[in-house]
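To keep things clear, I will list the structure first and then write my remarks on it.
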Amino acid sequence: MSGSTVFNAFAKKTGNRGRFLVLLSSCAIVLPLQALAQNAEETDAGTMLKPIILQGDGSPVGPDSTIVAKSSRTSSKTDTPILDSAAAVSVVTQKEMDERGVKTFDEALSYTPGVSTDIYGSDNRYDHYLIRGFYSTGQSTFKDGLQVRSDNFTGSRMEPYGLQRLEVLKGANSTLFGMSQPGGVVNAISKRPQDYKFGEVYTTFGEDHIETGTDFGGPIDPDGIWSYRLTAKWQDAKQGIEYSNDDRVYIAPALTFSPSADTDFTLLMSYNKRNGSTSHGTPYGLRGQIDSETYLGEPDFDNMDTIERNIGYEFRHDFGNGFEFRQNARYTDLDLTYEGVFAPYATGINDATSIGASRSSLAIYGHSRRFDVDNQLQYEASAGRFDSKTLLGVSYQKTKLEERRYDGTLSGIDPYDPTYSGRDDVISGFYRDFDDNGSQAAKSIYLQEELTLDDRWIATLGARYDHVKTRAQSLYTYYGFAPSLSDDTSVDEQFTKRAGLTYKATNELSLYASYQESFLPISASRSSIVGEPKAQEGTQYEIGAKYQPEGMDAMFTVALFDLTQTNVPQYDASYAQYQVGKINVRGVELEGKMALTDRLNLTAGYSYWDAEIEDDILSENIGTRPALVPKHMASLWADYTIPGNGILGDLTFGLGARFIGQTYADNATLSRPGKSNQISLPSRTVFDAAVKYSVTESTTLAVNATNLFDREYISQVDNYSYSAYYGDRRKVLATLKYTW
C-alpha cells in the first residue's frame, strides 16, 4: 500500500477535516508513512486502519508527554513559544506532577525556581506561596486564564488531580492579567477532552490516608466532532496531625464541540468539596519542650470546609484572513465554614510563663459569587520581512461577597497535658461579630503587539486600562454596645504597560529584555489613610536567556530581574494609615528541565533573592529583609527507569531535594518597634523520593515519599501570638493505577 493510499484512508476515517496534518505538525515524533501502512488491515469493505494515538507536545495548553513544555499561552495570551517570549515562564506538566506524586498545589510548585512554598508549614487553609519574594496567595492565582480570588477569608484550594499543567509567569504582569501582586501569576490549566480514547482509575493509600479517582474520555461520535472527559476524586485523610482533616470530593466533567478545524467550544465544570482544618501552631517559647505536633485547638471547633462550584467555557473561532476570536468565561459559587481555636498567647518570643492563660477563637461563614469573562481578538499578518501578531482584549469581573465573622476567647490549655473544653465553651466565649458584605466590579481593555523581523527580532508591546469599583459594608457588633455600621465605596483606575525585546541568536538560543508593571487596589475602607489613596504598584526590569537544544527534549533558562513594589499601606501607633511602604527584590533564577532519554528525567532550579525594605513607617525596618523571603533557594529532581526487557516490568526510581535558605519570621511591629528581623528561621533541606513498578503494561504500583527523612523545621512564627508553625512531616503514599 502506498503512502498516499494510507493518507487518504486516514483522512476519510477522520471526517476529512484536515486534522491529520495538524496532528503531524504538533507531534514530537513524526510517524513514517510505512508505519501507518503497517497499521492498516485489508477487509472486504476496504482498508481499515488500526487505532493510532497521536499526542502533541508544545501545545499552549497541553497535554504534555514529557516534563518539558515548549509553549505557554500564559506568557502572552497567544500561542507564542516559550523560547520567543520576553518573560520568565516555568511550566509544571502533568507528567511531572504524576512522577512526583503531587497531592497539593504547594507540592506542584515546590520545584519551580522563583517560587517559595511551604511558607506557613502546617497552616493548610489556603495555597500559600511567594513569587519573587511577594506573597501571592489569593491575588495571583488564575485558572484557565481567569482569576481565582480569595476574597477576605472566603477562598478555596486547587485540586491538582484536575489539572493538565501549571504555568508560572514571573514578574509584574497586570498588562495581561489585571490586578495582581508584582511577583507574578500562576495559571492552572484544567484537564480537557482529547481527540483519542484514554482512561485511568487509581487508589492511593497510606497512614491516615485513602483516596480513589478516575480520569477518562475521548470522542463521542465517529468523526470526533464531540468529545468528553470526566475527572473525579474522593479522599479521606488527615493533614499529618491529630484532629485534622483533608477530605475531598472532586468531580469535573468537560465537553468539547469542534465542528471544524476553525471552531472549538469547550464546556468546563467542576464541583470541589474540601473538609479541612485550620492552622495548628504551638508556642514558640516551648520549642524543644513539647512535641511539635501537640494539638492546642478544639477538636469540635476545627473546620476549614469549602464547597466550590464552577461552570465555564472556552470558545475559539478562526474567521480566516488572520482573524481569530477567543472567549473564556466562568461563574463560581463558593461556600466557606471556617471555625478554629488558636494556641495560647505568649508575651515574648521565649516566654513560657504566660502560656496557657487563654486562647482565641475565630468563626467565619462566607459565601462568594464571581463571574469572569475575557474576550480576545487576534490578528496575524505578514509583510515581507515582518510578521505581526496583534491582540485586543476586553474583560469583565464581578464579585459578590457575604461573610459573618465571630471573634472570641476561651479557657487556656495546658500544653504539656492538653484537655479540651468542647464546642459550647467556644461559642459562649464570642464577644463580637462582623457582618460583612462586599462587591467588586472590574472592567478592562488591553492591547498587545508582537512584531517579528526576519524571524530573529521579536518586539512585544502592551498596554492595559483597568477600572475597578469596590464596595465594602460592615456591621460591627461588640456585645453590650450599640452596633456600628460602615459603608465605603472606592474607584481605582490604572494604566499599565509592558515592553519586551527578544533576539533569537540561533534557532536554539534566544536573549531577551523586558519592562513590566503591576497594580493592586487597597481596601475600600480608606477613612484612616493620610493623603490621597493609591493602588499598590509594581515595576520590573528583566533580562534573560533561553536555550532549547535541537535533538534533545530540554529547556534551559536564566533570568535576572529588579522588582519594586510601592504604595504599600502601613499603620502608625495611632492607627493612621500611610502608603509609604516600598519593597525591592533583585534576583537571579536558573532552571533546567531535561527528558534526556525515554528513561531519564532531570529538573533543576536555583533562585537568589536580594530583598530589602527600602521605605517603611518604622525606620527600624528600612534596610532589613521582608519576612519569610529567603536569599537562596535550590531544587533538584531526577528519575531513572530501568527497563524490564519483557521479562520484568519497568522499574523507576526518583529522588529530589528542596533547599530553602534562612529567613526571618517578622518585620518590626508597632507593639515592639526596633526589633526588626528578630526571629530567625534556619535554612532547611528536605528530600522527596519515588519508586514505581510496572506490574503489567497497563498497571503500575508507585510509592511516593515527601520529607523522606522526616525533617522537623519551623516555617513561620506568628508575629503577635508567637505561635510556631512547623513544616509538614514525612508522608509516604502508595498508588495502584490501571490505565487504558
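Values below: every heavy atom of this structure, side chains too, minus hydrogens, waters and symmetry copies.
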Practice item. Find out whether the Lys NZ or Arg CZ of K191 is both under 6.0 angstrom from the six-membered ring centre of Y161 and within 45° of the ring's axis. Key: yes

Review point. Has the side chain of T212 got a donor or acceptor atom that lies under 3.5 Å from a matching backbone atom of Y202?
Key: yes

Point to revise | Y129 side chain to S140 side chain, donor-acceptor N/O pair below 3.5 angstrom | key: no

Point to revise | Side-chain donor-acceptor pair present, R229, T266, cut-off under 3.5 Å | key: no

Review point. Between T735 and T204, does any side-chain donor sit less than 3.5 Å from a side-chain acceptor?
Key: yes

Check your understanding: Is there a donor-acceptor pair closer than 3.5 Å between any side-chain N or O of D79 and the backbone N or O of R73?
Key -> no

Exercise for review: Compare all side-chain heavy atoms of K197 with those of F216 and state whether any distance is below 4.5 angstrom.
Suggested key: no

Point to revise | Basic-acidic side-chain contact under 4.0 Å: R326, E314 | key: no

Practice item. Among V558, D84, T557, find the residue that satisfies the side-chain contact (heavy atoms from CB on, under 4.5 Å) test when tested with K546. Key: T557

Exercise for review: Kindly indicate whether the side chain of L636, heavy atoms from C-beta on, has any atom under 4.5 Å from the side chain of L602.
Suggested key: yes

Review point. Looking only at heavy atoms, which two atoms of A499 and L461 are closest? And how far apart?
Key: CB-CD2, 3.8 Å

Practice item. Determine yes or no for a side-chain-to-main-chain donor-acceptor pair under 3.5 angstrom, with S510 supplying the side chain and L83 the backbone. Key: yes

Point to revise | More than 12 heavy atoms of other groups within 6.0 Å of K504 NZ | key: yes

Point to revise | Ion pair check, D335 and R309, cut-off under 4.0 Å | key: yes

Exercise for review: Mind listing the closest non-hydrogen atom pair of G183 and L563 along with its distance?
Suggested key: CA-CD2, 4.0 Å

Practice item. Give me the ring orientation class for Y126 and H128: parallel if the planes are under 30° apart, tilted from 30 to 60°, perpendicular past 60°. Key: perpendicular

**Study point:** F134 backbone acceptor or donor facing S136 side chain under 3.5 Å
**Key:** yes

Review point. In Å and rounded to the nearest 0.5 Å, what is the CD1 to OG distance from I131 to S607?
Key: 11.5 Å

Revision key, fill the gap. In terms of heavy-atom contacts, E107 and G101 come closest through OE1-O, 4.0 Å

Exercise for review: With K77 as the cation and F177 as the aromatic partner, state whether NZ or CZ is under 6.0 Å from the six-membered ring centre and within 45° of the axis.
Suggested key: yes

Review point. Between OG of S270 and CD1 of I251, what distance do you get to the nearest 0.5 Å?
Key: 10.0 Å

Exercise for review: Might you work through the side-chain contact (heavy atoms from CB on, under 4.5 Å) test for V91 and T93, ending with a clear yes or no?
Suggested key: CA-CA 6 Å; V91 178; T93 67; 4.2 Å; yes

Study note, to complete from the structure: One should read off an interatomic distance between N601 CG and T652 OG1, to the nearest 0.5 angstrom, of 9.0 Å

Point to revise | Flag for Q378-E380: side-chain donor and acceptor within less than 3.5 Å | key: yes

Review point. So, do Q376 and T78 sit near enough that their side-chain heavy atoms are less than 4.5 Å apart?
Key: no

**Study point:** Polar side chain donor-acceptor pair, Q194 to Q164, under 3.5 angstrom
**Key:** yes

Point to revise | Least distance between heavy atoms, T496 atom then E517 atom | key: CA-OE1, 3.4 Å

Check your understanding: When rounded to the nearest 0.5 angstrom, what is the spacing between CZ in R149 and CZ in R370?
Key -> 6.0 Å

Practice item. Measure up the Y135 and Y120 rings against each other and bin them: parallel (under 30°), tilted (30 to 60°), perpendicular (over 60°). Key: perpendicular

**Study point:** Spatial distance of atom CZ (F519) from atom OG1 (T175) [nearest 0.5 Å]
**Key:** 10.0 Å

Check your understanding: Is a side-chain N or O of S518 found less than 3.5 angstrom from the main chain of N173, in a donor-acceptor match?
Key -> no

Review point. In terms of side-chain heavy atoms, does S388 have a donor or acceptor partner in E449 at a distance below 3.5 Å?
Key: yes

Point to revise | Geometric class of the F315/F265 ring pair [parallel <30°, tilted 30-60°, perpendicular >60°] | key: tilted

Check your understanding: Any chance the side chains of S368 and D151 put a donor and an acceptor closer than 3.5 Å?
Key -> no

Point to revise | Whether F323 and Y379 hold their rings parallel, tilted or perpendicular, with breakpoints at 30° and 60° | key: tilted

Review point. Do S444 and D466 meet the criterion of a side-chain donor-acceptor pair at a distance under 3.5 Å?
Key: yes

**Study point:** Any donor-acceptor pair under 3.5 Å from D639 side chain to L600 backbone
**Key:** no

Review point. Is the shortest side-chain N to carboxylate O distance from E542 to K170 below 4.0 Å?
Key: no

**Study point:** Test side-chain contact (heavy atoms from CB on, under 4.5 Å) applied to N375 and V373, step by step
**Key:** CA-CA 7 Å; N375 304 281; V373 61; 4.1 Å; yes

Exercise for review: Report the C-alpha separation of R165 and E96 in whole Å, then their side-chain angles, then the decisive distance to 0.1 Å, and conclude whether the salt bridge (Lys or Arg N to Asp or Glu O under 4.0 Å) test is met.
Suggested key: CA-CA 9 Å; R165 53 157 62 177; E96 181 179 345; over 6 Å; no

**Study point:** Salt-bridge criterion met for K692 and E99 (N-O under 4.0 Å)
**Key:** yes

Check your understanding: Minimum heavy-atom separation for I82 to S85, with atom names?
Key -> O-OG, 3.1 Å

Review point. Tell me, do H209 and Q235 make a side-chain contact under 4.5 Å, heavy atoms counted?
Key: yes

Exercise for review: Run the numbers on V115 and V168 for side-chain contact (heavy atoms from CB on, under 4.5 Å), then give the verdict.
Suggested key: CA-CA 9 Å; V115 181; V168 183; 4.0 Å; yes

Review point. Considering only heavy atoms from C-beta outward, does the side chain of E508 approach that of F556 to under 4.5 Å?
Key: no

Check your understanding: Which heavy atom in L255 sits nearest to a heavy atom in S227, and how many Å separate them?
Key -> CD1-O, 3.3 Å

Check your understanding: Can you find a side-chain donor-acceptor pair between S258 and T256 that sits under 3.5 Å?
Key -> no

Check your understanding: Is it true that the side chains of Q540 and R132 contain a donor and an acceptor less than 3.5 Å apart?
Key -> yes

Review point. Taking atom types as modelled, is there a side-chain donor on T74 or N187 under 3.5 Å from an acceptor on the other?
Key: yes

Practice item. Taking the side chain as every heavy atom from C-beta outward, state whether D387 and I458 have any atom pair closer than 4.5 Å. Key: no

Exercise for review: Evaluate the criterion side-chain hydrogen bond (donor to acceptor under 3.5 Å, both in side chains) for residue pair D215 and T231; output intermediate values, then yes/no.
Suggested key: CA-CA 4 Å; D215 180 27; T231 307; 2.9 Å; yes

**Study point:** N124 and D246, any side-chain heavy atoms less than 4.5 Å apart
**Key:** no

Exercise for review: Please check if atom NZ in K737 has more than 12 non-hydrogen atoms from other residues, nucleotides or ligands closer than 6.0 Å.
Suggested key: yes

Review point. Are side-chain heavy atoms of M158 and T141 found at a separation under 4.5 Å?
Key: yes

Exercise for review: Assess whether salt bridge (Lys or Arg N to Asp or Glu O under 4.0 Å) is satisfied between R330 and D372, documenting all intermediate values.
Suggested key: CA-CA 5 Å; R330 182 173 63 239; D372 286 83; 5.3 Å; no

Review point. About how many Å separate NZ of K593 and CD1 of I67, when rounded to the nearest 0.5 Å?
Key: 6.5 Å

Review point. Do you see a donor-acceptor pair shorter than 3.5 Å between the side chains of S156 and R274?
Key: no

Practice item. With side-chain hydrogen bond (donor to acceptor under 3.5 Å, both in side chains) as the test, would you mind laying out the steps for S395 and R464 before giving the verdict? Key: CA-CA 11 Å; S395 66; R464 181 184 182 115; 3.3 Å; yes

